[in-house]
Amino acid sequence: METQTQAIKKKTNIVTERMTGAEAVIRCLLAEGVDLIYGYPGGAIMPVYDELYKYQDKLHHVLTRHEQGATHAAQGYARTSGRVGVAIATSGPGATNFVTGIADAQIDSTPMVCITGQVGSHLLGSDAFQETDIIGISTPITKWNHQVTKAEDIPTVLAKAFYIARSGRPGPVLIDITKDAQFGELDFAYEKCKGIRSYIPVPDTDPNSLKEAAKLINAARKPMIVFGQGVILGKAEEELKDFVEKSGIPSAWTILGLSALPTAHPLNVGMVGMHGNYGPNKLTNECDLLLAIGMRFDDRVTGNLETYAKQAKIIHFEIDPAEVDKNVKVDVAVMGDVKRTLAQLLPLIEPNSHQDWLQEFKDHDTIEFDKVIKEELYPTKEGLSMGEVLRGINEETNGDAVIVSDVGQHQMIACRYAEFTKSKSNVTSGGLGTMGFALPAAIGAKMGAPEREVIAIIGDGGYQMTIQELGTIFQTKVPLKIVVLNNDFLGMVRQWQQLFFDKRYASTEMVNPDFVKIAEGYHINSKRVTQRENLQDAIKEMIESKEPYFLEVCVEKENNVFPMIPTGASVSDVRLE
């Protein structure tokens, strides 16, 4: 009996080619322009890997050492290249090992297509060997997922997967393909998806919202911008810069928005959030207009919602209607693609210069520098600080490097002190806060931007969660630079224990191995620094290396990251000590 798909192809005179479902998967990836995938083979996905073997000259596969590593590498690749990252794994534990990376990609809006193998369709629901309901498991953490049980459905489903992953607010998609669908045959033809009924990736912009926004902006005396990753995802960096410079509005960033505006820009006033800068946090509750551009009012940014910017009118530039009024009630919602909405708003605003207001940020900067930054970047104590390591990296890279940070104290230090001149330069796990993210993500980041220097900044705790990916670096020879800031603690948890749990350091002190010997076991050039006088030369040697390089810096064990907003406190309650 003729299927609906076959009937459509016959009716539209589409030229087809007979092949297996497994080969169709590879051909779909090539049709979408994919040339690099990350994965780990296994029984249920073996037919696809067998076909992949035949296409090695067109589609490069990177064998990670763990499936979680494949998803993080695909994330890193997507974040620096702007393309869809692709990861592939087998069923059962292979698929469940994808879960952390998929959840991370979902909350951080990273475009990714994950393909998993599955047991034969006749075995579904029978608790067969390595059968797991990955569709049920991944439904809450994917933008879309789908199980394929027939070979003929593969082209249509994968076309939808790539369209959904990259369109509108990006996100991860998971496609689960049964083994019989991989072995089965179909008449293959591929047509890229250009739209799906009832799915509206970019909402229409109400012209009145632009007029209302312009009216508020032109009347404001103390306006403030907070921009997030939506600017980078929307490729709206130039539009943001033009808007900031014409309006003269001081502009702060979320950690995922970092690098959308050059660090040294005179209207860039720093980071908001729990460990953000003193000025933008304090003055959030003093501005009369808050413009949120491509950010989602995460709790780490807002602190106590009951006291967040209550005195201000709020304009929210957003592509996802679900984010509007979700956490913070706004006065004007400017819906649509931020690249377009900022360009449309620009002619409606008057040129301005808020010098007195900007000076308030500078005054707060002076206070923060004297109480926090000076000692972090130019320490007088004997022990090394994390901040001086970042300062040394800035001096050697001139702000041109991609910094991939893990999660913890070092992440906040990296976001606070790394200097950037280009967009897509800060890669980190924002919403999920995934320890172990940085090492595999940096592999993908370097492959996504091979012309750029990529440096992973990792703590001793997170490093050991995915340390096996040193094997991937060894096998691929990707010239990644790895910096482990070793304080022999789970530093961020220890800081909280010190400040809020009377220094009861429960299960946070680390007994670490010899990291240099481990790296040398993977034939990676390595060095350990314990003295200040050796630091800059070691950083210089690392940056100048054309090969993978591992640098361990032993830093002060009990340094804390300030400023800090305690959980549940107002942004006005930011602490400097």
Side chain to side chain, Met564 and Leu499, heavy atoms closer than 4.5 Å
yes
Which pair of heavy atoms, one from Ser572 and one from Asn285, lies closest together, and at what distance?
OG-ND2, 2.8 Å
Flag for Thr472-Thr64: side-chain donor and acceptor within less than 3.5 Å:
no
Nearest 0.5 Å, please: how far is SG in Cys193 from OH in Tyr199?
9.5 Å
Student check: side-chain heavy atoms of Arg300 and His275 closer than 4.5 Å:
no
Classify the side-chain pair Gln75/Arg79 by whether it contains a donor and acceptor separated by less than 3.5 Å.
no
Salt bridge or not for Arg169 and Asp337, using N-O below 4.0 Å?
no
Examine distances only and state if a side-chain atom of Ser109 and a backbone atom of Ala105 form a donor-acceptor pair shorter than 3.5 Å.
no
One should read off an interatomic distance between Thr466 OG1 and Ile458 CD1, to the nearest 0.5 angstrom, of 6.5 Å
Worked verdict on Lys282 versus Glu368 for salt bridge (Lys or Arg N to Asp or Glu O under 4.0 Å):
CA-CA 12 Å; Lys282 289 282 284 188; Glu368 183 179 352; over 6 Å; no
Candidate pair Asp242 and Glu237, rule side-chain contact (heavy atoms from CB on, under 4.5 Å), full reasoning
CA-CA 9 Å; Asp242 292 344; Glu237 293 92 342; over 6 Å; no
Counting only heavy atoms not in Asn208, do more than 12 sit closer than 6.0 Å to its CG atom?
yes
Between Gln359 and Asp363: side-chain donor-acceptor atoms closer than 3.5 Å
yes
Heavy atoms from other residues, nucleotides or ligands near NZ of Lys211 exceed 12 (cutoff 6.0 Å):
no
Are side-chain N/O atoms of Arg391 and Tyr417 paired as donor and acceptor at under 3.5 Å?
no
Contact between Arg416 and Pro563 at the side-chain level, heavy atoms closer than 4.5 Å - yes or no?
yes
Does NZ in Lys160 sit with more than 12 non-hydrogen atoms of other residues, nucleotides or ligands closer than 6.0 Å?
no
Within the 3.5 Å criterion, strictly below it, is a donor on Asn352 or Ser247 matched to an acceptor on the partner's side chain?
no
Under 3.5 Å, is there a donor-acceptor pair between the Gln311 and Glu286 side chains?
no
Spacing of CD1 belonging to Ile249 relative to SG belonging to Cys287, to within rounding of 0.5 Å
10.5 Å
Does any part of the side chain of Met224, heavy atoms only, come nearer than 4.5 Å to the side chain of Leu289, both counted from C-beta?
no
Less than 3.5 Å apart, any donor N or O on the side chain of Glu419 or Thr263 sitting next to an acceptor on the other?
no
Regarding Gln229 and Asp108, is there a side-chain donor-to-acceptor distance under 3.5 Å anywhere?
no
Where the side chain of Asn277 meets the backbone of Pro280, is there a donor-acceptor pair that is under 3.5 Å apart?
no
Does atom CG of Leu348 have more than 12 heavy-atom neighbours, drawn from other residues, nucleotides or ligands, at distances under 6.0 Å?
yes
Ignoring hydrogens and geometry, is there a side-chain-to-backbone donor-acceptor pair from Ser429 to Thr434 under 3.5 Å?
yes
Heavy-atom check, side chain of Val402 versus side chain of Lys424, under 4.5 Å:
no
Apply side-chain contact (heavy atoms from CB on, under 4.5 Å) to Val86 and Met112, showing your working.
CA-CA 6 Å; Val86 180; Met112 182 164 68; over 6 Å; no
Between Phe317 and Phe243, what is the ring plane arrangement, given parallel below 30°, perpendicular above 60°, and tilted in between?
perpendicular
Ser570 and Thr307 side chains, donor-acceptor separation under 3.5 Å:
yes
The test is salt bridge (Lys or Arg N to Asp or Glu O under 4.0 Å); show your working for Glu239 and Lys339 and say whether it passes.
CA-CA 6 Å; Glu239 287 75 11; Lys339 185 178 182 70; 3.0 Å; yes
Lys326, NZ: over 12 other non-hydrogen atoms inside 6.0 angstrom
yes
Would you indicate whether the side-chain heavy atoms of Leu290 and Ile315 approach each other to under 4.5 Å?
no
Looking just at side-chain N and O atoms, do Gln68 and His66 make a donor-acceptor pair shorter than 3.5 Å?
no
Has Asp288 got a side-chain atom pairing as donor or acceptor with Ala220's backbone, closer than 3.5 angstrom?
no
Any donor and acceptor pair, going by atom type alone, linking the side chain of Arg575 with main-chain N or O of Glu577 inside 3.5 Å?
yes
One pair to check against salt bridge (Lys or Arg N to Asp or Glu O under 4.0 Å): Lys241 and Glu245. What are the steps and the verdict?
CA-CA 6 Å; Lys241 183 171 176 286; Glu245 290 177 350; 3.2 Å; yes
For the CD atom of Glu67 and the OG1 atom of Thr100, what is their distance to the nearest 0.5 Å?
11.5 Å
Exam field: side chain Gln464 to backbone Asp460, donor-acceptor pair closer than 3.5 Å
yes
Would you compute the distance between atom CG of Asp406 and atom CG of Leu439 and round it to the nearest 0.5 angstrom?
8.5 Å
What pair of heavy atoms forms the shortest contact from Ile319 to Pro201, and how long is it?
CG1-O, 3.8 Å
Donor + acceptor pair across side chains of Glu469, His72 (<3.5 Å)
no
Only one of Leu174, Thr142, Thr116 passes side chain to side chain contact (heavy atoms under 4.5 Å, CB included) with Ile135; say which it is.
Leu174
So does Gly171 get a backbone contact from the side chain of Thr110, meaning a donor-acceptor N/O pair under 3.5 Å?
no
Do Ser138 and Asn145 meet the criterion of a side-chain donor-acceptor pair at a distance under 3.5 Å?
yes
Side-chain contact, heavy-atom cut-off 4.5 Å: Val330 with Val324?
yes
Could you state the interatomic distance from CD1 (Ile102) to CD1 (Ile107), rounded to the nearest 0.5 Å?
14.5 Å
Scan side-chain atoms only and decide if Thr421 and Asp400 contain a donor-acceptor pair under the 3.5 Å cut-off.
yes
Say whether Thr71 and Tyr38, considering side chains only, have a donor N or O and an acceptor N or O under 3.5 Å apart.
no
For residues His410 and Tyr463, determine if any side-chain heavy atom of one lies less than 4.5 Å from a side-chain heavy atom of the other.
no
Check step by step if salt bridge (Lys or Arg N to Asp or Glu O under 4.0 Å) holds for Glu360 and Lys222.
CA-CA 10 Å; Glu360 292 191 40; Lys222 292 186 174 184; 3.3 Å; yes
Side chain to side chain contact (heavy atoms under 4.5 Å, CB included) with Ile115: of Leu158, Val173, Asp176, only one passes, and it is Leu158
Does NZ in Lys313 sit with more than 12 non-hydrogen atoms of other residues, nucleotides or ligands closer than 6.0 Å?
no
Counting distance only, does the side-chain N/O of Ser81 pair as donor-acceptor with the main-chain N or O of Arg83 below 3.5 Å?
yes
When you look at Arg452 and Ser425, which way does the side-chain hydrogen bond (donor to acceptor under 3.5 Å, both in side chains) test go after all the steps?
CA-CA 9 Å; Arg452 300 190 65 185; Ser425 294; 2.7 Å; yes
